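Since the structure comes first, as structure tokens, the remarks are kept for the end.
The basis for the numbers below is simple: all heavy atoms, side chains too, and nothing from hydrogens, waters or symmetry mates. Note that the coordinates shown come from a computational prediction; the quantities given were computed from them, not determined experimentally.
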Amino acid sequence: MSSASSVKQYKALGEDVWKTKVDKINAELFTLTYGSMVVQLVKDFEDYTEVNKQLEKMGYNIGQRLIEDFLARSGIGRCSELRDTAEAISKVGFKMFLNITPTVTNWSNDNKEFSLLFEDNPLTDFVELPDEALEGGLWYSNIYCGVLRGALEMVQMQVEAQFITDILRGDETTEMRIKLVRYLEEEVPVGED
């Protein structure tokens, strides 16, 4: 169903929610706070693989809570297919919370995987990774992967998300790959029928 008209609807909705329903914070403060957190994780764990895991875990916890705000403010109902979900994430979710709109692209033949290409990434403003972090495998914005995994799990979609390229690592683009693993069954809490 992800036709050109639904893409335009998501884009218009994202713009409207950003303008009218979201409290804003100073972008530089946000960027510098995130950077300080990453630096502290590097000091605490001294292992970039572990820092990546911690960023993803933090993002997962954030995503589990952020989805409620997203659904309440956007008024979006359940998406009927992954293509609609991808467009809603890009055009409404990222717009609503970060005022960016990554491009949805590179669909797999079975329509279970896609990429988000980031032209802008507010987390990486003022950032230059040292060689040690590059060689150690740091994915600076890995928190986004966890946010998507946590948020989508709350709406019954198990996904894997990972960055495959990053401008901070010397690549030409910043690309996150998202793969639908399976749809989860809605579980009724024990004692409720």
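- Inter-residue side-chain proximity for Tyr144 and Asn121 is flagged as met; some heavy-atom pair is nearer than 4.5 Å.
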Note to self: Determine whether Tyr140 and Tyr34 satisfy the following criterion, ring-ring contact (aromatic ring centres under 6.0 Å, His included), listing intermediate values before the conclusion.
What the structure shows: CA-CA 10 Å; Tyr140 187 80; Tyr34 182 78; 5.4 Å; yes
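- Side-chain contact between Met96 and Ser74 is present, with heavy atoms from C-beta onward closer than 4.5 Å.
- The hydrophobic clustering, which links ILVMFWY residues whose side-chain heavy atoms are closer than 4.5 Å, places Val181 and Val159 apart.
- Between Phe97 and Leu66 the shortest side-chain heavy-atom distance falls below 4.5 Å.
- In the model, Glu175 has a side-chain atom that pairs as donor or acceptor with a side-chain atom of Asn106 under 3.5 Å.
- Taking 4.5 Å as the limit, every side-chain heavy atom of Thr174 sits out of range of all side-chain heavy atoms of Glu119.
- The same ILVMFWY cluster, assembled from side-chain heavy atoms under 4.5 Å apart, contains both Val147 and Met58.
- At a cut-off of 3.5 Å, with distance as the only test, no side-chain donor of Tyr48 or Glu135 sits close to an acceptor on the other residue.
- Side-chain atoms of Gln162 and Arg177 form no donor-acceptor pair, as typed in the model, at a separation below 3.5 Å.
- How far CG of Leu134 is from CD of Glu128: 9.0 Å, rounded to the nearest 0.5 Å.
- At a threshold of 4.0 Å, the pair Arg149-Glu56 counts as salt-bridged, since one of the basic side-chain nitrogens sits closer than that to a carboxylate oxygen.
- Partner of Val155 under the side-chain contact (heavy atoms from CB on, under 4.5 Å) criterion, chosen from Ile76, Leu71, Thr85, Leu184: Leu71.
- The closest side-chain heavy-atom distance from Leu116 to Leu148 is below 4.5 Å.
- In this structure, the separation between CE on Met157 and CD1 on Ile178 is 10.5 Å, given to the nearest 0.5 Å.
- Under the 4.5 Å side-chain criterion, counting only non-hydrogen atoms from C-beta, Leu55 is not in contact with Trp139.
- At least one donor-acceptor pair under 3.5 Å links the side chain of Ser90 to the backbone N or O of Pro102.
- Looking only at side-chain heavy atoms (C-beta outward), Trp107 and Arg83 come within less than 4.5 Å of each other.
- A single hydrophobic cluster is not seen to contain both Val39 and Leu41; linkage of ILVMFWY side chains at heavy-atom distances under 4.5 Å, directly or through other members, places them apart.
- Within a 6.0 Å radius of CD in Gln40, other residues, nucleotides and ligands contribute more than 12 heavy atoms.
- Ile164 and Phe118 are not part of a single hydrophobic cluster, where members link through side-chain heavy atoms under 4.5 Å apart.
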Next item on the list: Dump the intermediate steps for side-chain contact (heavy atoms from CB on, under 4.5 Å) on Ser108 and Phe114, then the final yes or no.
Entry: CA-CA 6 Å; Ser108 63; Phe114 64 93; over 6 Å; no
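- Here the side chain of Asp171 pairs no donor or acceptor atom with the backbone of Thr173 at under 3.5 angstrom.
- Put simply, CD1 on Ile62 and CD on Gln64 are 11.0 Å apart, with the number rounded to the nearest 0.5 Å.
- Judged purely by atom type and a 3.5 angstrom limit, Arg65 uses its side chain to pair as donor or acceptor with the backbone of Asn61.
- A donor-acceptor pair is defined here as one N or O able to donate and one able to accept, closer than 3.5 Å; such a pair exists between the side chain of Asn142 and the backbone of Asn52.
- Note that CG of Leu82 and NZ of Lys112 are 9.5 Å apart. Values are rounded to the nearest 0.5 Å.
- Using a 4.5 Å heavy-atom cutoff, the side chains of Leu123 and Ile143 are in contact.
- Linking ILVMFWY residues whenever their side-chain heavy atoms come closer than 4.5 Å, directly or via other members, leaves Tyr60 and Phe94 in distinct clusters.
- The CD1 atom of Ile100 sits 7.0 Å away from atom CG of Asp120, with the distance rounded to the nearest 0.5 Å.
- Rounding to the nearest 0.5 Å gives a distance of 11.0 Å between NZ of Lys57 and NZ of Lys53.
- Between the Ser36 side chain and the Leu32 main chain, a donor and an acceptor come within less than 3.5 Å of each other.
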